Amino acid sequence: FTSSVSDLGDQKKFRIWPNPASDALFISSDVPVKYIDAVTLLDVAGKRSVVPLRISSDVIQLDLSSLESGVYIVEISGEGFRWHRTVVIE
């Protein structure tokens, strides 16, 4: 039996840590990384920040070292889903 992202419906779960963060932010999920199309970081004004990503088999790492302190929104999207979480960068 195989499952696609659309089969997962509202069951998609993402875990982001640490929050607050300083140099790096980690994301894990029950959605296989190959089904995630984009990870976007937005400041509270909606400005998109480009940060380096490192992707392993089950964890995405965002390098936050170039960002200013503040509140940001992490947006994760893929086929049939979009997920948001607020994070604080110190």
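When a residue number appears, it is its place in the shown sequence, counting from 1. Heavy-atom basis, side chains included; hydrogens, waters and symmetry copies ignored. Just so we're clear, the structure is a prediction, and the values are computed from it rather than from any experiment.
- Across every non-hydrogen atom of Tyr72 and Gly70, the tightest pair is CD1-O, 3.5 Å.
- Ala45 is linked by a side-chain contact (heavy atoms from CB on, under 4.5 Å) to Asp43, counting only residues two or more places apart in sequence or in another chain.
- Looking at heavy atoms from C-beta onward, Leu64 lies out of side-chain contact with Asp23 at the 4.5 angstrom threshold.
- Cluster annotation: Trp83 and Ile27 are assigned to the same hydrophobic cluster (Ile/Leu/Val/Met/Phe/Trp/Tyr, side-chain heavy-atom contacts under 4.5 Å, transitive).
- Side-chain contact between Val39 and Phe14 is absent, with no heavy atoms from C-beta onward closer than 4.5 Å.
- A side chain to side chain donor-acceptor pair (under 3.5 Å) check over residues 44-54, counting only residues at least two apart or in different chains, returns the pairs Arg54-Gln61.
- The backbone N or O of Ile73 sits nowhere less than 3.5 Å from a side-chain atom of Thr86 that would complete a donor-acceptor pair.
- Of all heavy-atom pairs spanning Pro20 and Glu90, the tightest one is CG-OE2, 3.4 Å.
- Leu53 and Ile89 fall within a single hydrophobic cluster, where Ile, Leu, Val, Met, Phe, Trp and Tyr side chains are chained together by heavy-atom contacts under 4.5 Å.
- Put simply, Leu67 and Ile60 are part of the same group of oily side chains (I, L, V, M, F, W, Y) that touch within less than 4.5 Å, one to the next.
- With sequence neighbours excluded, the residues forming a side-chain contact (heavy atoms from CB on, under 4.5 Å) with Asn19 are Val87, Val88, listed by chain and number.
- Nearest approach of Pro18 to Leu25, heavy atoms of both residues: O-CD1, 3.2 Å.
- Applying the salt bridge (charged side-chain N to carboxylate O under 4.0 Å, His left out) rule to pairs touching residues 65-75 yields Glu75-Arg82, sequence neighbours excluded.
- Cluster annotation: Ile76 is not connected to Trp17 through the hydrophobic network of ILVMFWY side chains, with a link wherever side-chain heavy atoms come within less than 4.5 Å.
- Taking every heavy atom of both residues into account, Asp30 and Lys13 meet most closely at OD1-N, 2.9 Å.
- Considering every non-hydrogen atom in both Ala21 and Ala24, the closest pair reads CB-O, 3.6 Å.
- Other cluster members for Val50: none, since no ILVMFWY side-chain heavy atom sits under 4.5 Å from it.
- Here Asp63 pairs with Pro52, Ser65 under the side-chain contact (heavy atoms from CB on, under 4.5 Å) rule; sequence neighbours left out.
- Residues Val51 and Ile16 are members of one and the same hydrophobic cluster, defined by side-chain heavy-atom contacts under 4.5 angstrom among Ile, Leu, Val, Met, Phe, Trp and Tyr.
- By the 4.5 Å heavy-atom criterion applied to side chains, Ile55 and Ile36 are not counted as neighbours.
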